[in-house]
Amino acid sequence: MNSNYTVISKSSSIELQHLDNGIEIESPDHNGTLKERFEEEDFDELDDLPLIVDGAKHMASSDAGSGIPGAVFNLATSIIGAGIMALPATMKVLGLVLGFIAIVVMGVLSEISIELLVRFSNLTKSASYGEVVQSALGFPMRILSEICIIINNAGILVVYLIIIGDVMSGSPDHVGVFDQLFGHGVWDLRKLVILAVAVLFLAPLCALEKIDSLSFTSAASVALAIVFVVVSCAIAFVKLVEGRIAKPRMGPDFASKAAILDLLVVIPIMTNAYVCHFNVQPIYNELKGRSPQKMDRVGRITTFLCVLVYFSTAVSGYLLFGADTESDVLTNFDKDLGIQFSSILNYVIRIGYVLHLVLVFPVIHFSLRQTVSVLLFKEPLPQGRVKTLALTTALLGIIYLGSTMVPNIWVAFKFTGATTGLSLGFIFPCLIALRLDKQGVNLTRGERLLLWIMLSWALLVSIVGVVGNIYGLQSNSS
């Protein structure tokens with residue numbers, strides 16, 4: 001059979017060029033190895049490569065995925081969850097002035113750590129939080145980071161179910177929505193209500209395989225959170241104008257041992273409210289036309305939105321309820337607010353935020369499921385629809401059992417904030433940047449100084465928070 005092709009001699013060379021990205025790939029050299037030359041004048045501009053190593057998939061899907069608004073909604077949904085309900089209680093502990101400073105500073109530091117994570121994930125071509133940790137710190141640290149993600153996310157989801165149960169079925173100190181609407185009935189069984197919500201609403205959303213599929217629900221959840229903020233701020237403003245709000249405290253209270261203990265653990269709780277780093281890579285991977293610069297824009301918009309929402313919620317909740325502010329401020333809205341249409345507004349606030357948590361739940365569950373899959377099966381889902389559904393069901397069952405055992409959200413936030421929250425949000429990103437800096441990625445002197453300050457601060461707050469939590473539990477037991 002005749003052929004139009006001839007054999008290429010071993011000495012021949014073929015040059016393949018892709019100059020759009022500033023990368024030139026040559027044929028094997030005399031040792032049989034491929035040479036790759038980066039000729040970009042500014043390495044930071046080499047931003048068209050995804051965090052997914054498979055270049056073919058990138059070429060096929062670079063035009064697919066969510067835009068900046070969808071990415072902002074997904075990232076904001078990862079941040080604005082149950083943590084917002086604990087912020088009025090932290091404002092009660094810190095006072096208005098220090099509380100405002102803490103919310104802003106924590107938001108800025110969180111945004112800096114997100115940008116570091118994106119920058120070094122792009123450099124190492126890492127597709128997940130665990131992969132970038134492994135690239136910089138080794139495989140044992142990757143396992144530790146993935147365990148932190150599992151504990152942190154599972155703890156957050158347990159808190160969501162606790163809040164849903166408290167709001168809908170009530171608690172020993174508060175009346176539930178169902179009781180107020182329909183009187184006593186089967187809905188008084190808190191565990192049954194949580195189980196029904198998990199099966200009927202959470203399971204179908206958690207069964208979705210792509211986080212981009214949740215962009216619409218994320219947008220709806222952010223809208224519901226904004227409704228909560230607007231309504232609570234409006235109520236606080238009306239009562240403030242009418243002179244029916246007690247004078248708030250401007251600074252911390254050092255009058256008692258209990259107040260000092262709360263002061264030691266409140267910063268980790270506030271830190272936990274900003275932790276979303278485990279979802280940064282999945283959101284980046286599905287960002288249309290992705291680049292570090294575009295993801296930085298997503299992070300900054302999200303941070304501004306979250307700081308605004310957090311401060312508004314913390315101040316309005318504290319002004320409304322003062323010294324009676326609960327660890328979960330949502331439960332405070334079972335009483336007469338002293339204004340017109342109080343009952344209707346109470347229902348709008350509580351039911352609206354329960355719906356918000358239902359829509360946030362699958363976004364946090366997504367990264368939890370991916371991390372467990374990597375840890376157990378050595379690769380992320382999907383690996384088949386049956387395996388995805390089985391893992392989703394198992395995780396929901398464990399989270400449901402946890403919600404029946406943890407007493408309140410303050411306990412959960414104190415421990416996760418002082419351990420896994422600080423580790424994922426600050427300690428690991430700082431260690432990644434400092435280690436890769438030693439391997440030839442040049443950071444400025446100011447960046448190094450900031451990294452060391454953030455790392456030292458995070459370690460100190462973590463140690464103080466853990467010691468304070470343990471001492472607080474011992475005191476309560478006594």
Side-chain angles (χ1 to χ4, degrees), residues 79-96 98-100 102-103 106 156 158-177 180 221 224-240 244-246 248-249 253 262 265-270 272-274 306-339 342-343 345-357 360 406-414 417:
I79 299 175
I80 303 174
I84 194 174
M85 294 297 104
L87 289 179
T90 64
M91 191 68 75
K92 179 179 71 172
V93 174
L94 295 173
L96 289 181
L98 187 57
F100 169 72
I103 288 174
M106 293 307 306
I156 291 173
V158 165
V159 167
Y160 287 4
L161 294 187
I162 291 174
I163 293 177
I164 292 172
D166 287 345
V167 170
M168 303 310 294
S169 292
S171 63
D173 299 321
H174 295 278
V175 181
V177 170
Q180 289 181 322
S221 71
L224 287 169
I226 292 175
V227 168
F228 168 80
V229 173
V230 170
V231 173
S232 60
C233 286
I235 296 171
F237 177 76
V238 169
K239 297 190 71 173
L240 186 64
R244 291 188 291 143
I245 288 183
R249 193 172 64 250
D253 180 17
D262 283 340
V265 302
V266 76
I267 296 298
I269 291 174
M270 192 168 288
N272 209 36
Y274 282 102
C306 291
V307 168
L308 185 62
V309 170
Y310 278 176
F311 176 70
S312 302
T313 303
V315 171
S316 61
Y318 176 47
L319 289 178
L320 282 175
F321 305 111
D324 296 327
T325 304
E326 299 282 354
S327 59
D328 174 12
V329 74
L330 208 59
T331 59
N332 282 111
F333 287 93
D334 66 335
K335 305 178 183 68
D336 184 7
L337 298 173
I339 64 171
S342 175
S343 297
L345 291 175
N346 276 336
Y347 289 134
V348 169
I349 288 174
R350 288 185 291 169
I351 296 175
Y353 210 81
V354 164
L355 291 176
H356 165 78
L357 293 181
V360 172
V406 178
N408 58 66
I409 68 171
W410 194 255
V411 172
F413 274 138
K414 284 195 299 185

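Starting from 1, each residue takes its place in the sequence as its number. Bear in mind that the values here come from a model prediction, so they are computed numbers and not experimental data.
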### Query
How many angstroms lie between atom OG of Ser316 and atom CE of Met91, to the nearest 0.5 angstrom?
9.0 Å
### Query
To the nearest 0.5 Å, what is the distance between CD1 (Ile339) and CG (Leu345)?
5.0 Å
### Message
I'd like to check Thr90 versus Leu87 (side-chain heavy atoms, cut-off strictly below 4.5 Å). Are they in contact?
### Response
yes
#### Entry: Distance-minimising heavy-atom pair for Val329 and Gly317
CG2-CA, 4.3 Å
### Query
Which atoms form the tightest heavy-atom contact between Arg249 and Tyr318, and what is the distance?
N-OH, 3.1 Å
### Task
For residues Val307 and Tyr274, determine if any side-chain heavy atom of one lies less than 4.5 Å from a side-chain heavy atom of the other.
yes
### Message
What I'd like to find out is whether the side chain of Val227 reaches to under 4.5 Å of the side chain of His356, using heavy atoms alone.
### Response
no
### Task
For residues Ala236 and Ile245, report the shortest heavy-atom separation together with the two atoms involved.
O-CD1, 3.3 Å
### From Leu224 atom CG to Ile349 atom CD1, the distance as rounded to the nearest 0.5 Å
12.5 Å
### Message
Taking the side chain as everything from C-beta on, heavy atoms only, tell me whether Lys92 gets closer than 4.5 Å to Phe321.
### Response
no
### Task
Locate the shortest heavy-atom distance separating Gln180 from Asp334; write the atom from each residue and the value.
NE2-O, 3.3 Å
### Task
State the CG-OG distance between Leu337 and Ser343, to the nearest 0.5 angstrom.
8.5 Å
### Query
Looking at side-chain heavy atoms only, is the closest gap between Leu320 and Asn332 below 4.5 Å?
no
### Message
Is any side-chain heavy atom of Met270 closer than 4.5 Å to one of Leu94?
### Response
yes
### Message
With a 4.5 Å cut-off on side-chain heavy atoms, are Ile79 and Tyr310 touching?
### Response
yes
### Task
Report yes if some heavy atom in the side chain of Leu319 is under 4.5 Å from a heavy atom in the side chain of Pro248; otherwise report no.
yes
### Task
For a ring-ring contact (aromatic ring centres under 6.0 Å, His included) with Tyr353, tell me which candidate from Tyr347, Phe333, Phe228 qualifies.
Phe228
